[in-house]
Participant: 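One structure, as structure tokens, below. Some questions next.
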Amino acid sequence: MSRVSHFQRFTQQENHATNNTLLLLRYFYQSSPFKIQNLLTSLLGVELSIGLTFDQQIRIRGGTGVPDALIKQEPIRIFIETKRGGELDPAQIKRHIDSIAGQAADANADYRNVLIGLTKEPIAPTIHSDLAAAAASRGIAFVSVTFSQIVEELRSQCAEFEQELISIVEDYEEYLNDERLLEGRNRWLPIFPCGVSIKENERFGLYYESSSRRCKHNCRFIGAYDQKAVALVGEVEAITVVTWTNGKASFSEEAGQLTESHRQRIKNAVGETPYYNLKANPHRFYVVDSFFRTNARKTSPGGIWGMRYLDLSKLLTGYNPRKEYTSANLAEALKGATWE
């Protein structure tokens, strides 16, 4: 007999993912509006008031009297755009922003409008910044949220004795897992064949590729492959595309926060890499905290011709993607692992 579930399954449609997320939020709201208030405040990074508030001795603007008490509910509207993948459509989001702003103007209502982009993976920081700025210019708060973030935030709101709420969160997480909607940022390890450059990769703590290739901003760690093994592992601190013009480098950040130290490491690597002309065309640089040596060997015949993704949950027994691994932890765990 199938276990009864709180959430719909057996479909791949976005509206069911949205509906199940709303059901989860409604369960929590019915239990405690304060939990939803904490959730939204954490995700948005701004204080929000959900539900009724109770105040005493409130002076009414323009009035002469002071009533003894006031019970009110702040007007707030939260819009959600759901995508089952890792990307939002910026043009679509901007159309939503225009529609929300226009609707508020037509109604002449003093609503606090929030637009949430709900995705499987975090969107690129540059896209998020652009959409947040576009929304703010129209008086709207925009935030991008993953399904996994909602799970973690609501789990943190549950006390140990609130077993019913915990079971609902776990059921929602199971639904997301069935639908492959949980984040893979800590699960997938992109490995890049390095060969001749492996010493410079380790020395400068970075990997570079043509900017025409797709950015792997959704992965926390990267690996360097050499001699049929993952030889180095590091946590990505920043990703940037570097273009050289008249001997000067310009940096276009794609993820993380690029520091002056990062820029200098990149310049040093470019200047001390004689076998490639890294100034000829724009290149993307993945700058890691540090590359740590490891040894996860490929057991099948032949090498790899290009970048590969390794599933850490299959590569490492008992791997927990929510555990806060450091680069050194992961490098140690990978020693002796094998893959095909």
Side-chain angles (χ1 to χ4, degrees), residues 1-55 71-86 112-123 141-187 220 313 318-325:
M1 180 179 292
S2 298
R3 182 172 62 84
V4 175
S5 171
H6 295 91
F7 303 105
Q8 299 182 59
R9 286 166 167 78
F10 319 116
T11 179
Q12 295 296 320
Q13 297 179 6
E14 285 176 359
N15 60 338
H16 283 165
T18 306
N19 183 67
N20 285 344
T21 302
L22 292 178
L23 284 173
L24 175 72
L25 298 179
R26 189 176 69 180
Y27 283 130
F28 270 76
Y29 181 79
Q30 289 172 342
S31 170
S32 169
F34 186 65
K35 294 183 186 295
I36 297 298
Q37 179 174 303
N38 285 343
L39 168 76
L40 294 173
T41 296
S42 175
L43 294 178
L44 292 171
V46 296
E47 289 289 337
L48 286 181
S49 178
I50 304 297
L52 298 176
T53 59
F54 301 83
D55 297 299
I71 301 174
K72 67 177 180 179
Q73 182 166 302
E74 292 186 8
I76 180 173
R77 300 189 303 178
I78 300 174
F79 300 83
I80 300 175
E81 175 61 35
T82 304
K83 296 295 182 188
R84 296 179 64 90
R112 188 167 191 180
N113 291 303
V114 177
L115 175 58
I116 295 176
L118 181 60
T119 56
K120 173 183 176 180
E121 302 286 352
I123 67 173
F142 170 80
V143 65
S144 60
V145 175
T146 66
F147 294 101
S148 298
Q149 280 180 283
I150 290 178
V151 170
E152 293 305 318
E153 289 290 344
L154 288 181
R155 180 182 280 114
S156 71
Q157 296 296 322
C158 296
E160 188 175 345
F161 64 84
E162 294 178 304
Q163 290 300 311
E164 183 177 356
L165 286 180
I166 292 173
S167 70
I168 291 172
V169 174
E170 290 176 346
D171 190 31
Y172 176 70
E173 185 176 29
E174 185 178 318
Y175 157 75
L176 294 177
N177 185 59
D178 290 344
E179 296 293 315
R180 299 182 179 181
L181 289 174
L182 291 173
E183 278 186 51
R185 182 172 184 265
N186 291 337
R187 175 179 174 182
R220 180 181 172 190
S313 66
Y319 177 73
N320 180 0
R322 294 193 185 88
K323 179 180 176 182
E324 285 301 314
Y325 286 87

Participant: How far does OG1 of T41 sit from CZ of F34, to the nearest 0.5 angstrom?
Facilitator: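 Interatomic distance, T41 OG1 to F34 CZ, rounded to 0.5 Å: 8.5 Å.
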Participant: Quick one: side chain to side chain contact (heavy atoms under 4.5 Å, CB included) partners of S313, sequence neighbours excluded?
Facilitator: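 Counting only residues at least two positions away or on another chain, S313 forms a side chain to side chain contact (heavy atoms under 4.5 Å, CB included) with R187, D311, Y319.
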Participant: Please check this pair: side chain of S42 against backbone of N38, looking for a donor-acceptor N/O pair closer than 3.5 Å.
Facilitator: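 Flag not set: sc S42 to bb N38 has no pair under 3.5 Å.
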Participant: Hey, could you give me the OG1/NZ distance between T18 and K83, rounded to the nearest 0.5 Å?
Facilitator: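 Between T18 OG1 and K83 NZ, I get 9.5 Å after rounding to 0.5 Å.
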Participant: Compare all side-chain heavy atoms of I80 with those of L22 and state whether any distance is below 4.5 angstrom.
Facilitator: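 Yes, their side chains come closer than 4.5 Å.
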Participant: Is there side-chain contact between I116 and L43, with heavy atoms separated by less than 4.5 Å?
Facilitator: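 They are not in side-chain contact.
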Participant: Do F147 and T21 come close enough that some side-chain heavy atom pair is under 4.5 Å?
Facilitator: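 Of all side-chain heavy-atom pairs linking T21 with F147, at least one is under 4.5 Å.
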Participant: Once rounded to the nearest 0.5 Å, what's the spacing between atom CZ of R77 and atom CG of L115?
Facilitator: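 Those atoms lie 11.5 Å apart.
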Participant: Quick check: closest heavy atoms across E153 and L39, and the distance to 0.1 Å?
Facilitator: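 Looking at all heavy atoms of both residues, the shortest contact is CB-CD1, 3.3 Å.
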Participant: To the nearest 0.5 Å, tell me how far S148 OG sits from K120 NZ.
Facilitator: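 Reported to 0.5 Å precision, the distance equals 9.0 Å.
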Participant: Is any side-chain heavy atom of E179 closer than 4.5 Å to one of R84?
Facilitator: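 SC-SC contact between R84 and E179 confirmed.
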Participant: Minimum heavy-atom separation for T146 and P122, please, with both atom names.
Facilitator: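 Nearest heavy atoms, T146 then P122: CG2-N, 3.5 Å.
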Participant: Taking it one step at a time, do V114 and L40 satisfy side-chain contact (heavy atoms from CB on, under 4.5 Å)?
Facilitator: CA-CA 10 Å; V114 177; L40 294 173; over 6 Å; no
Participant: Can you find a pair of side-chain heavy atoms, one from I150 and one from L118, that are under 4.5 Å apart?
Facilitator: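 Side chain of I150 against side chain of L118, heavy atoms only: contact under 4.5 Å found.
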Participant: Just verifying a value: how many Å separate H16 NE2 and L23 CG, rounded to the nearest 0.5 Å?
Facilitator: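 Atom-to-atom, H16:NE2 and L23:CG are 10.5 Å apart.
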Participant: Can you measure from CD (Q163) to CD (E170) and round to the nearest 0.5 angstrom?
Facilitator: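 Here the interatomic distance stands at 8.0 Å.
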Participant: My understanding is that only residues two or more places apart in sequence, or in another chain, count here; which of them pass side chain to side chain contact (heavy atoms under 4.5 Å, CB included) with F28?
Facilitator: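 So F28 forms a side chain to side chain contact (heavy atoms under 4.5 Å, CB included) with L24, K35, I36, L154, C158, L165, V169.
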